[in-house]
Engineer: 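Encoded as structure tokens, here's the structure I'll be asking about.
Residue numbers start from 1 in every chain, and the chains themselves are labelled A, B, ... in the order their sequence lines are given, proteins ahead of strands. As a basis for the values below, the full set of heavy atoms in this structure was taken, side chains included, without hydrogen atoms, waters or symmetry mates.
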Amino acid sequence: MRFAPNPNGPPTLGSARGMVVNDEYVKIYDGKLVLRFDDTDPRTKRPLIEAYDWYIEDAEWLDVKPNEIVYASKRIPIYYEYIEKLLEMEKAYPCFCSRDEFKKYRDSGIECPHRCTSAEEALEIWEKMLAGEYDEGEVVIRIKTDMKHKDPAIRDWVAFRIIKADHPLVGDKYIVYPTLDFESAIEDHLLGITHIIRGKDLIDSERRQKYIYKYFGWEYPITKHWGRIKIHEFGKLSTSEIRKKIESGEYEGWDDPALPTIRAFRRRGFRPEAIRKFLLSLGVGENDVAISLKNLYAENRKIIDKEANRYFFVWDVIELEIEGLPEKVKVKIPKSPESKEFRELTGERKVLLTKDDWIRFKNGEIVRLKDFCTVEIDKNEQKLKFVSWELNENVKKGKNIIHWLCWKDAVVCVVLGDKPNLKWGGFVERNVLKEIDKVVQFERFAFCRIEFADESGVRAIYTHP
RNA sequence: GCUCCGGUGGUGUAGCCCGGCCAAUCAUACGGGACUCUCGAUCCCGUGACCCGGGUUCAAAUCCCGGCCGGAGCACCA
């Protein structure tokens with residue numbers, strides 16, 4: 001099996017599907033996996049030099065272990081050998097038609113005048129192409145299929161074209177580049193690929209490439225194609241669109257938590273197993289899928305809920321005084337519901353609450369500051385009145401038990417959200433300073449990964465509710 | 001326009017190849033309840049689907065035909 005991306009950006013959820021599904025079959029049937037970079041267009045789909053490593057890194061993170069890694073751009077001479085054979089066999093020919101001209105021939109099913117070029121002459125032209133005697137767009141090499149093929153998409157397709165642009169990996173070493181269809185046809189055979197699973201946008205490749213397989217007497221791999229994946233929360237985002245939005249500053253970078261890249265999910269503290277399960281649950285049907293990230297969240301929550309420690313984070317803060325608080329106290333709270341470990345907080349007269357909570361309550365309502373004390377809301381005086389240390393029966397379970405924080409333990413905290421430019425500012429308890437790089441739960445808020453933390457402040461990334 | 005493919009609850013998926021065991025699987029979502037000093041988790045209970053029409057058959061989600069809807073390709077992109 002193989003996974004063959006063009007590294008013109010980092011892997012996204014969509015590309016990860018390719019890695020994970022192929023890898024899963026390899027694991028089930030004890031097969032082999034090749035990671036092949038189909039990077040043969042240095043212009044239109046120009047590879048990003050850093051992205052090669054990003055693919056390797058993210059694959060490893062997803063527990064996808066290729067047995068072999070191949071860079072198409074480093075193997076161009078191999079493709080030259082094969083096209084020369086086809087030229088000799090008169091199964092391919094140099095074509096001087098412009099795109100528009102050829103389109104007319106293709107649409108009407110007529111052979112173009114260059115189609116009958118002799119092998120000898122064709123090879124001569126080919127040599128001149130390699131020598132740089134032609135300009136970009138002047139000539140291409142086409143594979144002979146059948147100009148009367150009922151599907152125009154299959155008729156004599158392009159195998160090589162001239163691109164005089166710098167390639168990020170091989171520089172200006174080549175000016176004649178194979179198209180994906182040609183490169184991939186040759187490689188799949190050379191690498192001994194037996195099964196191909198890929199997106200249905202490549203469905204016609206199969207019928208085009210089969211001509212080459214027929215000419216060489218090779219056997220075409222078994223193929224399976226899946227439909228497009230659309231995530232409700234992200235909509236449609238192409239790599240090039242993301243790149244533009246990063247350049248315009250709408251996103252911080254390729255790992256902006258609002259992006260569907262694997263790097264972003266890593267930053268948010270997702271577990272690779274959850275992503276694998278989510279992607280596998282999509283199946284390999286040919287129909288398009290439109291699914292909500294909630295399914296991913298559910299998978300991830302199953303894993304992290306047991307492990308994540310709980311902390312108080314107050315955002316959009318309001319400071320209030322507790323009238324009649326007998327003394328300041330130290331409260332011990334379990335780090336997580338099942339944990340026997342505790343964290344400690346100080347409860348004082350002045351407390352910080354999240355404004356939304358304060359607004360929600362009515363005058364006279366009895367509210368529990370979780371694990372600290374029970375208070376009564378006084379809207380007239382804009383303060384809280386101490387009622388008792390114990391949990392009062394008048395407190396409505398759940399809804400009226402809220403989180404809080406006192407200045408003594410408060411550290412400035414910003415949480416970067418999962419939508420562009422969404423962030424929450426507030427304070428978090430100092431205890432999270434020990435949780436760097438861990439996913440924790442900010443109670444009554446969400447799971448978050450602590451990305452950076454010291455006395456000067458905390459930066460957390462929103463994982464999911 | 002030409003070629004190809006698909007349509008199972010709100011969402012995703014299993015079943016379709018090889019018709020009966022499918023009054024249709026699992027997950028998620030949603031609703032209700034229990035528990036919990038988080039609006040989280042857990043545990044119960046519940047809601048909800050075979051695109052439409054015809055045909056073949058004792059029997060159709062499964063096979064055939066037509067329709068409707070959706071998607072992909074028709075690049076010197078991948």
Engineer: Return the value, rounded to whole Å, for the distance between atom CG of A/D204 and atom C1' of B/G73.
Structural biologist: 4 Å
Engineer: Name the pairing partner of B/A24, where a pair is Watson-Crick or G-U wobble with both distances under 3.5 Å, or state none.
Structural biologist: none
Engineer: Between A/W157 and A/H149, is the ring centroid distance below 6.0 Å?
Structural biologist: no
Engineer: Over all strands shown, is A/I291 touching base, sugar-phosphate only, or nothing at heavy-atom distances under 4.0 angstrom?
Structural biologist: sugar-phosphate
Engineer: Could you check how far CH2 of A/W226 sits from P of B/G70, rounded to whole Å?
Structural biologist: 25 Å
Engineer: If you look at every strand shown and take non-hydrogen atoms under 4.0 Å, does A/C373 touch a base, only sugar-phosphate, or nothing?
Structural biologist: nothing
Engineer: Establish, yes or no, whether a centroid distance under 6.0 Å links the rings of A/H114 and A/F96.
Structural biologist: yes
Engineer: Grab the CD-C1' distance between A/E233 and B/G12 for me, whole Å please.
Structural biologist: 13 Å
Engineer: Looking at the side chain of A/H232, which of B/U11, B/U3, B/A78 is the nearest nucleotide?
Structural biologist: B/U11
Engineer: Scan side-chain atoms only and decide if A/E365 and A/N400 contain a donor-acceptor pair under the 3.5 Å cut-off.
Structural biologist: yes
Engineer: For B/C63, which nucleotide in any strand shown is its Watson-Crick or wobble partner with both distances under 3.5 Å?
Structural biologist: B/G55
Engineer: Give one of base, sugar-phosphate or nothing for A/S184, where a contact means two heavy atoms less than 4.0 Å apart.
Structural biologist: nothing
Engineer: How would you label the contact of A/D357 with the nucleic acid (heavy atoms, under 4.0 Å): base, sugar-phosphate, or nothing?
Structural biologist: base
Engineer: Classify A/R43 by what it touches in the nucleic acid, base, sugar-phosphate, or nothing, heavy-atom distance under 4.0 Å.
Structural biologist: nothing
Engineer: Nearest to the side chain of A/L391, which nucleotide is it out of B/A78, B/U13, B/C37?
Structural biologist: B/C37
Engineer: Counting the atoms with a prime plus P, OP1 and OP2 as sugar-phosphate, which does A/A446 contact under 4.0 Å by heavy atoms, base, sugar-phosphate, or nothing?
Structural biologist: nothing
Engineer: Taking donor-acceptor contacts at under 3.5 Å, does the side chain of A/Q441 reach the base of B/U38?
Structural biologist: yes
Engineer: It should be established whether A/S205 places a side-chain nitrogen or oxygen under 4.0 Å from OP1 or OP2 of nucleotide B/G73.
Structural biologist: no
Engineer: How long is the straight-line distance from CD of A/Q209 back to CG of A/D181, given to the nearest 0.5 Å?
Structural biologist: 5.0 Å
Engineer: Check the distance between B/C76's P and A/D135's CG and give it to me in whole angstrom.
Structural biologist: 18 Å
Engineer: Any base atoms under 4.0 Å from A/V158, or only sugar-phosphate, or nothing? Heavy atoms, all strands.
Structural biologist: sugar-phosphate
Engineer: Verify the contact: side-chain N or O of A/K302 to OP1 or OP2 of B/U28, cut-off strictly under 4.0 Å; return yes or no.
Structural biologist: yes
Engineer: When you measure from the side chain of A/A153, which nucleotide among B/G73, B/G12, B/U13 comes out closest?
Structural biologist: B/G73
Engineer: Take the protein atom NZ of A/K200 and the nucleotide atom P of B/G70, then report the distance between them rounded to whole Å.
Structural biologist: 13 Å
Engineer: Could you tell me if the ring centre of A/F313 sits under 6.0 Å from that of A/F445?
Structural biologist: yes
Engineer: Categorize A/D305 for me: base, sugar-phosphate, or nothing, with a 4.0 angstrom heavy-atom threshold over every strand shown.
Structural biologist: sugar-phosphate
Engineer: Over all strands shown, is A/D151 touching base, sugar-phosphate only, or nothing at heavy-atom distances under 4.0 angstrom?
Structural biologist: base
Engineer: Would you mind pulling out the nucleotide paired to B/C30, Watson-Crick or G-U wobble, both distances under 3.5 Å?
Structural biologist: B/G46
Engineer: Side chain of A/I163 only, please: which of B/C77, B/C37, B/G12 is the nearest?
Structural biologist: B/C77
Engineer: Starting at OH of A/Y134 and ending at P of B/C76, how long is that distance when rounded to a whole Å?
Structural biologist: 19 Å
Engineer: Heavy atoms only, 4.0 Å cut-off, all strands: where does A/K150 land among base, sugar-phosphate and nothing?
Structural biologist: sugar-phosphate
Engineer: Is B/A78 paired to anything, Watson-Crick or G-U wobble with both distances less than 3.5 Å, and if yes, which nucleotide?
Structural biologist: none
Engineer: Can you figure out which of B/U28, B/G6, B/G73 approaches the side chain of A/N295 most closely?
Structural biologist: B/U28
Engineer: Nearest whole angstrom, please: distance from the P of B/G73 to the NZ of A/K103.
Structural biologist: 14 Å
Engineer: NA contact type, A/E286, heavy-atom cut-off 4.0 Å: base, sugar-phosphate, or nothing?
Structural biologist: sugar-phosphate
Engineer: For A/F182 together with A/F160, are the ring centres under 6.0 Å from each other?
Structural biologist: yes
Engineer: Let me see the working for A/K330 and A/L345 under side-chain contact (heavy atoms from CB on, under 4.5 Å), right down to the final yes or no.
Structural biologist: CA-CA 6 Å; A/K330 294 246 184 247; A/L345 285 179; over 6 Å; no
Engineer: Contact class for A/R46 (heavy atom, under 4.0 Å): base, sugar-phosphate, or nothing?
Structural biologist: nothing
Engineer: Which nucleotide sits closest to the side chain of A/F447: B/G40, B/A78, B/G71?
Structural biologist: B/G40
Engineer: Does B/G19 have a Watson-Crick or wobble partner in any strand here, with both distances under 3.5 angstrom, and which is it?
Structural biologist: none
Engineer: It should be established whether A/R207 places a side-chain nitrogen or oxygen under 4.0 Å from OP1 or OP2 of nucleotide B/C4.
Structural biologist: no
Engineer: Which comes earlier along RNA chain B counting from the 5' end, the contact point of A/R368 or that of A/H149, where each point is its nearest nucleotide?
Structural biologist: A/H149
Engineer: Output the rounded distance in Å from CZ (A/R142) to P (B/C76).
Structural biologist: 6 Å
Engineer: Can you tell me the pairing partner of B/C69 across any strand shown, Watson-Crick or G-U wobble, with both distances under 3.5 angstrom?
Structural biologist: B/G6
Engineer: What's A/I333 touching, base or sugar-phosphate or nothing? Going by heavy atoms closer than 4.0 Å.
Structural biologist: nothing
Engineer: Would you mind classifying the nucleic acid contact of A/D201 as base, sugar-phosphate or nothing, using non-hydrogen atoms under 4.0 angstrom?
Structural biologist: base
Engineer: Under 6.0 Å between ring centres: does that hold for A/Y71 and A/Y52?
Structural biologist: yes
